[in-house]
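Along the sequence shown, residues carry numbers from 1.
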Amino acid sequence: MLATAAGFAILAAISPAAILACAVYLGSARPRQATLLYLAGAVTMTLVMALIVLFALRAGGLSLPSRHDPRYGVRLALGVLALGGGVYMARRKPRPRDPAKPKKPGLIARTMARPGPLAAFVTGIFVFTPSASFIAAVQVIATARASVAYSAIGLAVVVVINVTLVWLPFVLFLVRPEATTRRLKAFNGWLRAHGHSLIAGALIVAGAVLTGNGIYGLV
């Protein structure tokens with residue numbers, strides 16, 4: 001159970017938006033406070049959604065032995081959705097920006113542009129909206145025949161892995177602040193140029209894994 005859930009959580013953790021926001025906050029005037037609050041928002045969103053999905057799946061009876069096919073049917077559906085989203089993004093290339101027209105920032109960009117602890121916390125909530133891979137990771141735990149303690153450990157592992165791109169750069173920043181900030185800024189530029197392709201690729205990979213796992217379970 002734990003290995004499968006961790007594998008799906010790793011796929012869920014691949015998020016250009018998460019590392020972009022982390023780079024912004026680590027380069028801000030108060031990097032420690034801003035990043036910690038961003039991490040707090042990320043953990044809050046991840047944990048709350050994990051509990052909601054867990055209780056919803058168990059209330060729906062998907063943890064029962066007789067519900068084997070519906071369990072894998074849900075995973076197959078998640079995979080198809082992720083795969084479809086990835087293919088759509090891969091085919092729909094971002095339009096070249098007209099230099100004469102100012103680029104309108106998105107919701108997350110507008111939130112990050114606002115100074116203050118509340119904005120950093122809210123950014124963590126927005127960025128870590130659950131993905132199909134994350135729901136699949138929680139589903140593995142929710143439908144496993146495990147004790148309450150083991151299920152709690154599984155959820156904790158999923159939460160920690162899901163927010164890796166926040167706490168890991170922060171730990172590196174605490175150890176080597178200047179080097180970490182410099183490398184994050186350089187990586188930030190690469191992500192801005194290739195973020196669209198990276199998101200599409202991550203969705204396709206996650207969708208293919210989820211779809212294959214769902215088909216394997218049903219067959």
Side-chain angles (χ1 to χ4, degrees), residues 1-26 34-54 57 74-75 78-79 81-83 85-86 89-90 108 111-112 120-142 144 151-175 180 183-184 187-188 190-192 194-214:
M1 176 197 80
L2 200 55
T4 304
F8 286 135
I10 290 171
L11 291 174
I14 302 173
S15 170
I19 192 67
L20 279 171
C22 192
V24 169
Y25 287 124
L26 286 177
T35 309
L36 278 175
L37 287 166
Y38 170 53
L39 176 60
V43 171
T44 299
M45 182 62 160
T46 302
L47 183 58
V48 168
M49 291 308 302
L51 291 173
I52 289 174
V53 172
L54 178 77
L57 290 174
V74 170
R75 204 167 298 174
L78 291 171
L81 286 173
L83 193 58
M89 286 193 68
I108 295 176
T111 306
M112 286 192 297
F121 183 83
V122 171
T123 299
I125 291 176
F126 283 151
V127 170
F128 283 86
T129 301
S131 63
S133 300
F134 175 77
I135 295 174
V138 179
Q139 188 209 21
V140 172
I141 298 168
S151 297
I153 292 172
L155 278 184
V157 169
V158 168
V159 170
V160 170
I161 293 175
N162 193 55
V163 297
T164 299
L165 292 182
V166 182
W167 65 258
L168 182 58
F170 183 65
V171 170
L172 293 175
F173 175 82
L174 294 178
V175 177
T180 302
R183 288 171 184 171
L184 276 177
F187 189 54
N188 191 2
W190 183 87
L191 276 178
R192 290 184 185 277
H194 301 89
H196 183 88
S197 300
L198 184 60
I199 293 173
L203 283 171
I204 290 173
V205 171
V209 172
L210 287 169
T211 301
N213 186 268

- From the options Ile141, Val140, Ile10, select the one residue that forms a side chain to side chain contact (heavy atoms under 4.5 Å, CB included) with Val158.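 Checked Ile141, Val140, Ile10 against Val158; only one passes side chain to side chain contact (heavy atoms under 4.5 Å, CB included): Ile141.
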- Item | Name of the residue among Val74, Val53, Leu54 meeting side chain to side chain contact (heavy atoms under 4.5 Å, CB included) with Gln139 |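 The option that passes is Val74.
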Enter the distance from [X]:[atom1] to [Y]:[atom2] here, rounded to the nearest 0.5 Å.
X      : Y      : atom1 : atom2 : value
Leu174 : Thr180 : CG    : OG1   : 8.5 Å
Leu78  : Phe134 : CG    : CZ    : 12.0 Å
Thr4   : Asn213 : OG1   : CG    : 7.5 Å
Cys22  : Leu168 : SG    : CG    : 9.0 Å
Thr35  : Leu39  : OG1   : CG    : 8.5 Å
Ile199 : Met89  : CD1   : CE    : 4.5 Å

Note, [X] side chain near [Y] side chain (heavy atom, < 4.5 Å):
X      : Y      : result
Phe173 : Leu184 : no
Leu203 : Leu83  : no
Ile52  : Val138 : no
Leu210 : Phe8   : yes
Val127 : Tyr38  : yes

Ignoring hydrogens, what is the shortest heavy-atom contact between [X] and [Y]? Give both atom names and the distance.
X      : Y      : result
Ala42  : Thr46  : O-OG1, 2.7 Å
Val157 : Ala6   : CG1-CB, 4.4 Å
Leu155 : Ala50  : CD2-CB, 4.0 Å
Val160 : Trp167 : O-NE1, 2.9 Å
Ala13  : Leu165 : O-CD1, 3.2 Å
Ala120 : Ala34  : CB-O, 3.5 Å

- Heavy-atom donor-acceptor pair, Tyr25 side chain to Leu36 backbone, under 3.5 Å: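 Answer holds: no.
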- Query: Of all residues at least two apart in sequence or in a different chain, which pass the side-chain hydrogen bond (donor to acceptor under 3.5 Å, both in side chains) check with Ser133?
  - Reply: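 By the side-chain hydrogen bond (donor to acceptor under 3.5 Å, both in side chains) rule, Ser133 matches no residue at all.
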- Task: Kindly write out the residues that satisfy side chain to side chain contact (heavy atoms under 4.5 Å, CB included) with Phe121, not counting sequence neighbours, or none if the list is empty.
- Result: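 Counting only residues at least two positions away or on another chain, Phe121 forms a side chain to side chain contact (heavy atoms under 4.5 Å, CB included) with Ala40, Thr44, Ile125.
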